[in-house]
Amino acid sequence: MTIPDRLRGLARALALVGFAGLLLLALMTTLDVLLRWLFAMPIQGVNDMSAVVMAIVIAACIPANLAFKQNIRVEAAGLLGGPRFHALLEVLASLATLVFIALIAWQFIPYTLSLHEAGDRTWVLGWVIWPWWAVATLMMAFGVVVQAMTLCLDIADLFA
Amino acid sequence: AETLRFSSFEPPVAHITKNILTPWAAEVSAASNGELDIQIFAGGTLGRSPAQQVKLVEDGVADIAWVIPGYSPGRFDQGTIAELPFLVTTSTKGSRAMWALYEQGLLTGDYDKFKIIAVLSSSANGIASTVPVTQPADLKGVKLRAPGPTMLSAIDALGAVPVGGITGPTVAESISRGLITGTFTQWGAIETFRMGEVISDYLDVPMGATPMLVLMNKAKYEGLSDSAKAAIDGLSGAAFVERFGPSFDQNVAEAQGRITGANKINAVTPDAASAEQWKAAVSVANTDWIAKTENGQAIYDAFVAALSQ
Amino acid sequence: MDPLTLALIGFLAMMALIALHVPIGIAMALVGITGFAQIVGWGPALSLMASEPAAAMSNLDLAVIPLFMLMGSLAAAGGLATDVYDMANAMIGHRRGGLATTTVLASAGFGAICGSGVATTATFGRVALPEMLARGYQPGLAAGSIAAGGTLGIIVPPSAMMILYAVLTEQSVLDLFTAAVVPAILAVGFYFVAVQYIVMRAPASAPVSPRMPIRERLRAIARGWGVFALAVVVMGGIYSGVFTVNEAAAIGVVIAFVFALVRGRLTRQTALHVLAEASSATAMVYIMVFGATIFSYFIAVSGGAAFLVDSIAHLPVPPVMVIFGLLLLYIFLGAFFDEVAAMVVTLPFVIPIVTGLGYDLVWWGIINVVVIGIGMLSPPLGINVMLLNSMHRDVSLSTIYRGVTPFMIADLLRLILLVLVPALTLWLPSL
Ligand code: NA
Ligand code: NA
């Protein structure tokens, strides 16, 4: 397996794990509703958990989204030129995407640190929230790696 | 003029933003003799989520913000004292007492990271519901919107069922659809969130108030000229509190008139004996708060003293 | 620089980046922070790249989207779409044009448990198109009814588009779902009429199928209960107030999961496919939201939106003309732009205009979703049409575009009706 294949595989695996987590969250919410409805005994703090777990679920989807270029695009300019021009546009789009994800990953670091310093907690359960955002930051950083690879491949295509 | 961005997540027509924050901004701008131009960004145009407002000031996206610290648990925790039952009654008294705590140096930690323009409190929340509630036993098994963690032990003690995840804008539909039977709130919020048509009963017991803050970015403040600082300081602190509390209370009273005039709501004020019953039923919240808050007893005593002035 | 000029340059720069193939959410975010930085400085502007994504990622309203995506994927994997199609077929398949009507009805039924238009189209492209072609349906009508039926995925609640709109404009998701009920029924009714019109004009396009033996019909109808169970629990639970929208979505995921599991449809392979499908759709929506909020803050700080509202408020035309003007703009943008993107990109300008004219934002949300539905069919960039063509290469794009034309005319008539009679939308939520 080539390195790009491995990175893509890893990105996809991350997204799958994230969504498996979402399935678990759905199970817990269902249990909470059933307990509240049948026995008037809800589980304390399901919303707390939802908010922090959702952050990780979403972050986990992003590297795969970048690896497989699944964002909504309008391929208007491509109609004007040939395959070479198309490849150039592809490089431009990938570069913009790299800047985007790199800015997010970079800014997530001070964001997480500020949560750590300020000691932000979840509402009911009082969990510290910075470790969850630290994990999300790692996933965004992995997104940068994946996108850098995508950009390299696009540049290679341009000169192929 | 130096432009200062003042963020409010409330719509521009809402009472606090329209009648308190906006005139305040204009008066400070005027007092600075053209040195400052404080612009209001209402309706969340700089940051939509109420929970984000502190961060906006820290990051410098906004220079000043109106903040509900309850949305940032773990920060400003000493101020949650206002959320305790049977302490705050009116916003006028509650805000004065909160400001007194700040002036006595009892609110520390995150408070020190900002230029504090004001420390405030709403008036007390009563119990709005779709079933008659007059004594503590009436809440047994009743589904209540879960307020902040401060009141959770009291809700438990009452045998009520807290339902989480209900935000202000969804509270009316949650009541009308029976997801919750009641909520701790006051007439101003009943009007803002259009609960008047969906509730049938209101019990005027002080089940805690909502603390609020007006924060300014400290570095920004310190970078201003002395005359600009003086313009802000002259209208901050006690001056802000005196502008805020009476206006808040007046709005609550007027809202009550409008709502009870337009809807059939059975509003009850409990007599002294049943008020005592309520106080005993929820006192666990107060003892819990003192136990788990650093310096809790001292803050509590100072707050009670300030309220009784 | 004058902030208004800055806003204009920002808007043009964003359009240019989008035309140059930069993903829409990303173009909005990059232009948004660059513009924001010109007004408030780079430090605060860059902080938005963390605080806005973080706010979206912990927003529980938005969290409904991944849940509904997952529910729809699981339901399709569990065979619920096939069941609802068989059931509709058993009831009306033997009438002239019956299979096309079946497709519309089944799409609406599936739409009641799936929040995505593309997923609905893809599902019935698999289930219904081979069936209709085998029975001698003219490919245009067959593909047209599926592409049009697919739009019901976002028009019948639950709908990812309505959630997205509700979050970006701070409206109640439940209000939008409630408001959508009458327009959704109208959509199905108008499509029925469109099918009847087509088969009246060209009877050969839709041969009459033989009536199924009564036993088989009953069996097919009985098998369709799964979709109803899911729709009743999820939407019934929301409307009746047993649980919140978030809880309903979570419960829907669990039920759909159990269905797929019990029916033995959830192999390792399909499970992986379902998770991947839902997660990619989710990431797409969130990246769009990141960009849209950052861009809208830039527009707010620049004063561009306020200026536009002011100018339009002083135009000497009645408000309804402004609304029709906006709709024409959207349909025009939809020719070379994705409609969802058109909505998201223009919201920071359009929402103040709509409220300034005194219109209701819930109503405008439904109108927006209907326009997005039309955009999913309209050439040259009709996503449903292109999707079907990619699934069945032997049915050409031009055949499908011709096939959807009567349905699009039905859509336009419905749109005009909804604009002229806001009560059709707003009556139910006001109860
Ligand atoms: Na739907
Ligand atoms: Na289109």
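Sequence lines set the chain letters: A, B, ... in the order given, protein chains first and strands last, and positions in each chain run from 1.
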Would you mind checking which part of A:Ala96 comes under 4.5 Å of any heavy atom in chain C, side chain (CB onward), backbone (N, CA, C, O), both or neither?
both
Under 4.5 Å from a heavy atom of chain A, the part of C:Ile33 involved:
side chain
Looking at chain C, which one of A:Asp32, A:Leu80, A:Asn65, A:Ile101 has the largest number of heavy-atom pairs inside 4.5 Å, strictly under?
A:Asn65
What part of C:Leu30 gets within 4.5 angstrom of chain A, counting heavy atoms only: side chain, backbone, both, or neither?
side chain
Salt bridge flag under 4.0 Å for residues A:Lys69 and A:Asp154:
yes
Over all heavy atoms of both residues, which pair between A:Gly143 and A:Leu66 is shortest? Give the atoms and the distance, please.
O-CD1, 3.8 Å
I need the residue from C:Val253, C:Asn59, C:Thr282 with the largest number of non-hydrogen atom pairs under 4.5 Å to chain A.
C:Thr282
Please determine whether side-chain hydrogen bond (donor to acceptor under 3.5 Å, both in side chains) holds for the pair A:Thr29 and C:Glu247, giving the CA-CA distance in whole Å, both sets of side-chain angles, and the decisive distance to 0.1 Å.
CA-CA 6 Å; A:Thr29 308; C:Glu247 290 167 349; over 6 Å; no
Report which part of A:Ala60 has an atom under 4.5 Å of a heavy atom belonging to chain C: side chain, backbone, both, or neither.
neither
Per-residue tally against chain C (heavy atom, under 4.5 Å) across A:Arg12, A:Glu90, A:Arg36, A:His86 peaks at A:Arg36
If you take all heavy atoms of A:Val146 and A:Ala67, which pair is closest and at what distance?
CG1-CB, 3.4 Å
What is the minimum heavy-atom distance between C:Ala249 and C:Val64, and which atoms define it?
CB-CG1, 4.0 Å
Checking C:Phe257 against chain A: side chain, backbone, both or neither under 4.5 Å from a heavy atom?
side chain
Of the listed C:Leu17, C:Ile251, C:Thr244, C:Val285, the one with the largest count of heavy-atom pairs under 4.5 Å with chain A is C:Ile251
Heavy-atom closest pair, residues A:Phe19 and C:Pro66:
CZ-CB, 3.8 Å
Heavy-atom distance under 4.5 Å to chain A: side chain of C:Ser280, backbone, both or neither?
both
If you count heavy-atom pairs under 4.5 Å with chain C, which of A:Phe108, A:Phe68, A:Trp106, A:Trp132 comes out on top?
A:Phe108
Honestly, the part of A:Met140 sitting under 4.5 Å from a heavy atom of chain C is side chain
For C:Ala54, which atoms come within 4.5 Å of any heavy atom of chain A: side chain, backbone, both, or neither?
both
Heavy-atom cut-off 4.5 Å, strictly under: side chain, backbone, both or neither for C:Leu70 against chain A?
side chain
Search all heavy atoms of C:Trp42 against all heavy atoms of C:Thr34 and return the closest pair with its distance.
CH2-CA, 3.8 Å
Geometric class of the C:Phe295/C:Phe298 ring pair [parallel <30°, tilted 30-60°, perpendicular >60°]:
perpendicular
Side chains of C:Ser58 and A:Val52, heavy atoms from C-beta outward: is any pair under 4.5 Å?
no
